[in-house]
Amino acid sequence: RKEFVDLYLDYVFNKSIQKTFEDFMQGFLRGCPTRKWKMFLPVELQIVLQGQTKFDWHLLEKNVTYVCYQPSDQTIRNFWTEFHKLPEEKKKMFLAFLSGSDRISGYKLEGFTFCIVDPELENPDEFYPAANTCSLILFFPR
């Protein structure tokens, strides 16, 4: 029985997908040669490919730039006060709303910046916040 289970697992996880995996690996290595990947430790490679998963949210707050706002404006102070009260999962959801991903690329958080812009609408209470994910801009009506 043990031999059967071992052979079956080998078939399911290795042999049945061998051709598909070899095709994937050939394409992947064409774009990303292995000699360049060998300089990374496995943990570092995971961060490069998947992005950061742990964040210093206060550092993120310090990296923000503002247009038509000042960090001392009541709207901004209220935003950050409520943001820091959110559970970690909700903060990551905000990051996904802002950037399209709940992770930050392999760069350190110090290099991640975004901009909060007042769209200067006539009736700001009639509009929701919006984001431009390509430019990392949060349009945040007063």
Linking I/L/V/M/F/W/Y whenever any side-chain heavy atoms sit under 4.5 Å apart, do F97 and V117 land together?
no

*Verify same cluster id: Y66, I137 (apolar side-chain graph, 4.5 Å)*: no

**Asked** Can you check side chain to side chain contact (heavy atoms under 4.5 Å, CB included) on I116 and F79, steps first, answer last?
**Response** CA-CA 11 Å; I116 297 179; F79 170 78; 4.1 Å; yes

Candidate pair E89 and K92, rule salt bridge (Lys or Arg N to Asp or Glu O under 4.0 Å), full reasoning:
CA-CA 5 Å; E89 192 59 35; K92 288 183 179 182; 5.5 Å; no

Worksheet item: With a 4.5 Å heavy-atom cut-off, do K15 and D10 have their side chains touching?
Response: yes

Quiz item: Do L136 and C115 come close enough that some side-chain heavy atom pair is under 4.5 Å?
Solution: no

Donor-acceptor contact below 3.5 Å, side chain [X] vs main chain [Y]:
X	Y	value
D73	T75	no
S99	S101	yes
T113	V64	no
N123	E126	no

Quick one: sort the [X] and [Y] rings into parallel, tilted or perpendicular, breaks at 30° and 60°.
X	Y	result
W57	F55	tilted
F140	Y69	tilted
F83	W80	perpendicular

| query | Between the side chains of Q18 and N14, is a donor N or O closer than 3.5 angstrom to an acceptor N or O? | reply | no

(Q) Is it true that Q26 and E22 share a donor-acceptor pair across their side chains at a distance under 3.5 Å? (A) no

For the atom pair [atom1] ([X]) and [atom2] ([Y]), what is the distance rounded to the nearest 0.5 Å?
X	Y	atom1	atom2	value
S72	R77	OG	CZ	7.0 Å
F114	T133	CZ	OG1	13.5 Å
F94	L86	CZ	CG	9.5 Å
E88	D102	CD	CG	10.5 Å
H84	E61	NE2	CD	3.5 Å
D118	L138	CG	CG	11.0 Å

Discussion item. Apply side chain to side chain donor-acceptor pair (under 3.5 Å) to residues N78 and E82 and explain how you reach the verdict.
Written reply: CA-CA 6 Å; N78 289 345; E82 293 306 313; over 6 Å; no

Heavy-atom closest pair (P141 atom, P129 atom, distance to 0.1 Å) is CD-CA, 3.9 Å

Show, in sequence, the C-alpha distance, side-chain angles and deciding distance for R142 and D125, and conclude whether the side chain to side chain contact (heavy atoms under 4.5 Å, CB included) test is met. CA-CA 8 Å; R142 289 181 189 269; D125 288 339; over 6 Å; no

So, do F13 and F21 have ring centers that fall under 6.0 Å from each other? no

